[in-house]
J.: 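Have a look at the structure that comes next, please.
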Amino acid sequence: MSKNNNKLPEVENKMAFGRSNYKFLIIGLIVIAIGYILMIGGKSEDPNVFNDAVFSFRRLTLAPIVIIIGFVIEGYAILKKPTE
C-alpha cells in the first residue's frame, strides 16, 4: 500500500499590519479629527441674522485640506508593507 504523505505548507501566523502601520493609522485619525474640529463654529445667535463667519478661510479651505491630508496618511498606513 502506498502511503500518502501530502502535508500542507505551514503558514506563518502574521498580522496584516505591523506596529508602524497602526501608528500611521492613529496619526491619520487624529489629523482627520483635527480637520473636523477646525470646521466647527460659525453659528449665529439670532436665526434672522446671517453670520459671515461660515465662509472663513479656516472652514472653507484649511479644514478640508487637513482632512484630505489625514485620508492620505490613512491610505499610506494601509498600503505600507509591514516591516515587523
J.: Is there a donor-acceptor contact under 3.5 Å from the side chain of Arg59 to the main chain of Leu38?
T.: no
J.: Partners of Tyr22 by side-chain contact (heavy atoms from CB on, under 4.5 Å), sequence neighbours excluded?
T.: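 Tyr22: side-chain contact (heavy atoms from CB on, under 4.5 Å) contacts with Met15, Phe17, Leu25.
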J.: At their closest point, which heavy atom of Gly18 faces which heavy atom of Pro82, and how far apart are they?
T.: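 Looking at all heavy atoms of both residues, the closest pair is N-CB, 3.6 Å.
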J.: Go through the structure and list residues passing side-chain contact (heavy atoms from CB on, under 4.5 Å) with Ile30, not counting sequence neighbours.
T.: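 side-chain contact (heavy atoms from CB on, under 4.5 Å) list for Ile30, sorted by chain: Ile26, Ile34.
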J.: Sequence neighbours left out, what passes side-chain hydrogen bond (donor to acceptor under 3.5 Å, both in side chains) with Arg58? Give chain and number order.
T.: none
J.: Mind checking side-chain contact (heavy atoms from CB on, under 4.5 Å) for Ile65 and listing every partner two or more places apart, or none if nothing turns up?
T.: Thr61, Ile69
J.: Could you list the cluster mates of Ile32? Members are the ILVMFWY residues connected by side-chain heavy atoms closer than 4.5 Å, either directly or through other members.
T.: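 Tyr36, Met39, Ile67, Phe71, listed by chain and number.
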J.: For Asp46, what residues pass the side-chain contact (heavy atoms from CB on, under 4.5 Å) criterion, not counting sequence neighbours?
T.: Asn48, Val49
J.: For Phe55, what residues pass the ring pair (Phe, Tyr, Trp, His ring centres under 6.0 Å) criterion, not counting sequence neighbours?
T.: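 For Phe55 the ring pair (Phe, Tyr, Trp, His ring centres under 6.0 Å) partners, ignoring immediate neighbours, are Phe50.
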J.: Can you pull the side chain to side chain donor-acceptor pair (under 3.5 Å) pairs that have at least one residue in residues 66-82, sequence neighbours excluded?
T.: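 Listed by first then second residue: Ser20-Lys80.
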J.: Indicate, with yes or no, if Ile27 and Ile78 share a hydrophobic cluster defined by side-chain heavy-atom contacts under 4.5 Å among Ile, Leu, Val, Met, Phe, Trp and Tyr.
T.: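 Result: no, two separate clusters.
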